[in-house]
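These notes concern the structure reproduced below.
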Amino acid sequence: MTTDTFPPSPSSPGSVLALVRAGAASRADVARLAALSPTTVAARVESLVRAGYLREAGDGPSRGGRRPRRLEVSPALGVVVGVDLGVQHATFGLVDAAGTLLARRDVAAAVSDGPDAVLDAVVREVEALRAEHAPDVPLLAACVGVPGPVDARTGRVVSPARMPGWNGTDVAGVLSPRLGVPVLVENDANLMALGEHAGSGFDVEHLVFVKVGSGIGCGVVASGALHRGAQGFAGDISHASVPDAPPVPCSCGRAGCLDAVASGAALVRQLQEAGAGVTGIDDLVALARDAHPEATNLLREAGARTGAVLSTIINFFNPDRLVVGGQLAEADAFVAGVRSAVYARCLPMVTDHLDVRSTRVGREAGIRGAARTALDHVLAPASVDAALR
């Protein structure tokens with residue numbers, strides 16, 4: 001093992017920056033949390049200020065003496081870009097180093113056009129977003145969420161059901177040289193889970209996020225961090241078998257999978273076969289809001305089937321919160337179906353304090369989770385310490 005594989009010292013500049021990002025608001029807070037001397041903390045903070053990582057931003061609250069100077073990550077350090085690729089759309093978010101969303105852009109983009117066309121469009125949109133909103137600060141990193149499994153070991157897209165032509169694509173390998181910065185790639189539901197966790201004020205430690213749009217995905221936050229599993233596929237419930245589901249063929253070769261019977265694409269197809277004039281998920285949700293009986297029943301049934309699959313996860317993982325996101329989260333009937341199935345199938349001791357809700361972050365969850373991932377990469381203690389050597 002080389003010395004580079006050891007974790008940074010608690011007294012290193014990178015570790016001090018991590019404490020500030022976690023909420024330490026002054027030198028005194030850092031000294032207390034890291035058990036360091038005021039002299040050591042002052043030296044580390046000064047090096048971070050000189051390098052542009054931190055800035056002093058006015059006086060903090062007094063604790064009986066002189067009011068301390070507040071510390072915060074400097075927004076001028078640079079920006080990151082979060083990209084949320086959907087089946088028919090792409091959302092881009094420009095976020096400064098302090099975590100503030102500076103700009104958001106939604107564009108039409110079909111992943112069925114293939115990786116070459118879509119990733120070309122990603123480069124164009126990132127460059128346009130920077131030119132318009134942050135032309136004078138450096139781009140530090142980018143993170144892209146994709147609607148399919150991503151191998152955490154290689155970063156490659158693996159057997160995506162709704163991304164024809166993408167299997168094995170190295171998204172980061174394509175984008176990083178063109179953007180000139182590190183690019184990270186993650187499953188979109190995982191990023192939404194992170195975005196929801198951060199957007200809720202980090203007020204829970206254990207969270208399950210289920211994203212239901214054209215397809216179904218699930219992300220798990222355990223002890224405040226994303227849980228990916230051994231290869232990065234933890235939380236993938238799209239091909240879980242649904243009890244008593246009709247034998248609808250699935251892209252995986254089996255029948256009756258959750259994605260095949262309860263996803264937005266599956267429900268739209270069922271309504272179309274019944275003669276309803278719907279072209280997409282937004283039409284489905286709009287019909288339910290107008291009390292269309294068939295749309296409402298389909299959504300409630302799909303929610304119950306999704307909840308039946310989630311109940312196993314809830315019993316096993318015992319989270320604080322279950323969040324329903326994606327386009328179908330905007331349909332009360334779907335969320336009600338999830339909630340009723342979870343409470344019916346889970347143990348009372350698990351559900352007594354379980355908070356089941358629709359997303360509070362909404363359609364920004366993906367780009368916020370992507371930005372958080374990019375910032376965590378750039379501002380990791382080891383990365384900061386290496387940059388200051």
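Positions are given from 1, in the same order as the sequence printed here.
- Minimum interatomic distance between R228 and A152 (heavy atoms only, all atoms of both residues): CD-CB, 4.2 Å.
- Judged by distance alone, the side chain of W166 and the main-chain N or O of V146 form no donor-acceptor pair under 3.5 Å.
- A distance of 11.0 Å separates CG of L299 from NE2 of H292, quoted to the nearest 0.5 Å.
- Side chain of S340 to main chain of A336: a donor-acceptor pair is present (N/O by atom type, distance under 3.5 Å, no hydrogens or angles).
- Of all non-hydrogen atoms in V150 and V185, the two that sit nearest each other are CG1-O, 3.9 Å.
- Proximity of F233 to N187: side-chain heavy atoms (C-beta onward) are nowhere separated by under 4.5 Å.
- Atoms CD and CG, on E294 and L267 in that order, are 11.0 Å from each other to the nearest 0.5 Å.
- Within the 3.5 Å criterion, the main-chain N or O of L322 finds no donor-acceptor partner in the side chain of R357.
- Within the 4.5 Å cutoff, the side chain of V309 has no heavy atoms near those of the V210 side chain.
- The shortest distance between side-chain heavy atoms of F209 and T359 falls below 4.5 Å.
- Heavy atoms only, all atoms of each residue included: A341 and A304 are closest at CB-O, 3.4 Å.
- A donor-acceptor distance shorter than 3.5 angstrom exists from the side chain of S200 to the backbone of E196, with no hydrogens or angles considered.
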- request: Apply salt bridge (charged side-chain N to carboxylate O under 4.0 Å, His left out) to R289 and D332, showing your working.
  value: CA-CA 8 Å; R289 286 177 180 154; D332 293 339; over 6 Å; no
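- Although no hydrogens or angles enter the test, the distance criterion places no donor-acceptor pair under 3.5 Å between the side chain of T351 and the main chain of L354.
- When atom types are taken as modelled, the side chain of T154 and the backbone of R156 share a donor-acceptor pair closer than 3.5 angstrom.
- Side-chain atoms of S176 never come within 3.5 Å of backbone atoms of G173 as a donor-acceptor pair (strictly under, hydrogens ignored).
- Residue N318 qualifies as enclosed at atom CG: its count of foreign heavy atoms under 6.0 Å is above 12.
- A donor-acceptor pair under 3.5 Å is formed between the side chain of D259 and the backbone N or O of I216.
- Residues G366 and D84 share a closest heavy-atom pair of CA-OD2, 4.0 Å.
- The structure places CG of D385 at 9.0 Å from CZ of R44, a figure rounded to the nearest 0.5 Å.
- Taking CZ of R105 as the reference point, atom CD1 of I367 lies at 12.0 Å (rounded to 0.5 Å).
- Contact check for C250 versus H239: side-chain heavy atoms found under the 4.5 Å cut-off.
- Using a 4.5 Å cut-off on side-chain heavy atoms (C-beta onward), D355 and D320 make no contact.
- One hydrophobic cluster holds both I281 and L258 under the rule that ILVMFWY side chains link at heavy-atom gaps under 4.5 Å.
- Cluster membership for L287 and V285, using ILVMFWY side-chain heavy atoms within less than 4.5 angstrom, is shared.
- Ion pairing of R305 with D244 is absent here, as no side-chain N (NZ or NE/NH1/NH2) approaches a carboxylate O to less than 4.0 Å.
- Counting all heavy atoms, side chain and backbone alike, R27 lies closest to V41 at O-CG1, 3.7 Å.
- Counting heavy atoms from C-beta outward, R300 and F334 have side chains that stay 4.5 Å or more apart.
- Between the OG atom of S74 and the CG atom of D96 there is a distance of 8.5 Å, given to the nearest 0.5 Å.
- At a threshold of 4.5 Å between non-hydrogen side-chain atoms, the residues Q270 and V268 do not count as touching.
- Without hydrogens or angle criteria, R162 side chain to S214 main chain gives a donor-acceptor distance under 3.5 Å.
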CA sep, side-chain torsions, deciding dist, call: V208, F317, side-chain contact (heavy atoms from CB on, under 4.5 Å): CA-CA 9 Å; V208 172; F317 178 50; 3.6 Å; yes
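- When each of L71, L48, V45 is tested with L17 by the rule side-chain contact (heavy atoms from CB on, under 4.5 Å), just one qualifies, namely L48.
- No single ILVMFWY cluster, assembled from side-chain heavy atoms under 4.5 Å apart, contains both V81 and V95.
- Under a hydrophobic clustering in which Ile, Leu, Val, Met, Phe, Trp and Tyr are joined whenever their side-chain heavy atoms come within less than 4.5 Å, directly or via other members, F202 and L379 fall into different clusters.
- Within the 3.5 Å criterion, the main-chain N or O of L94 finds no donor-acceptor partner in the side chain of R130.
- Checked for salt-bridge contact, D282 and R363 meet the test: a charged N lies under 4.0 Å from a carboxylate O.
- Using a 4.5 Å cut-off on side-chain heavy atoms (C-beta onward), E72 and L54 make no contact.
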task: Just do the side-chain hydrogen bond (donor to acceptor under 3.5 Å, both in side chains) check on R321 and H197 with the steps written out, would you?
output: CA-CA 10 Å; R321 182 172 297 160; H197 183 243; over 6 Å; no
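- Note on L119: it clusters hydrophobically with F92, by side-chain heavy-atom contacts below 4.5 Å among ILVMFWY residues.
- Of the charged side-chain nitrogens involved, at least one lies within less than 4.0 Å of a carboxylate oxygen, so that D106 and R104 count as a salt-bridged pair.
- Across all non-hydrogen atoms, the minimal contact from V174 to P177 is O-CD, 3.6 Å.
- Atom-to-atom distance recorded for L310:CG and C346:SG is 8.5 Å, nearest 0.5 angstrom.
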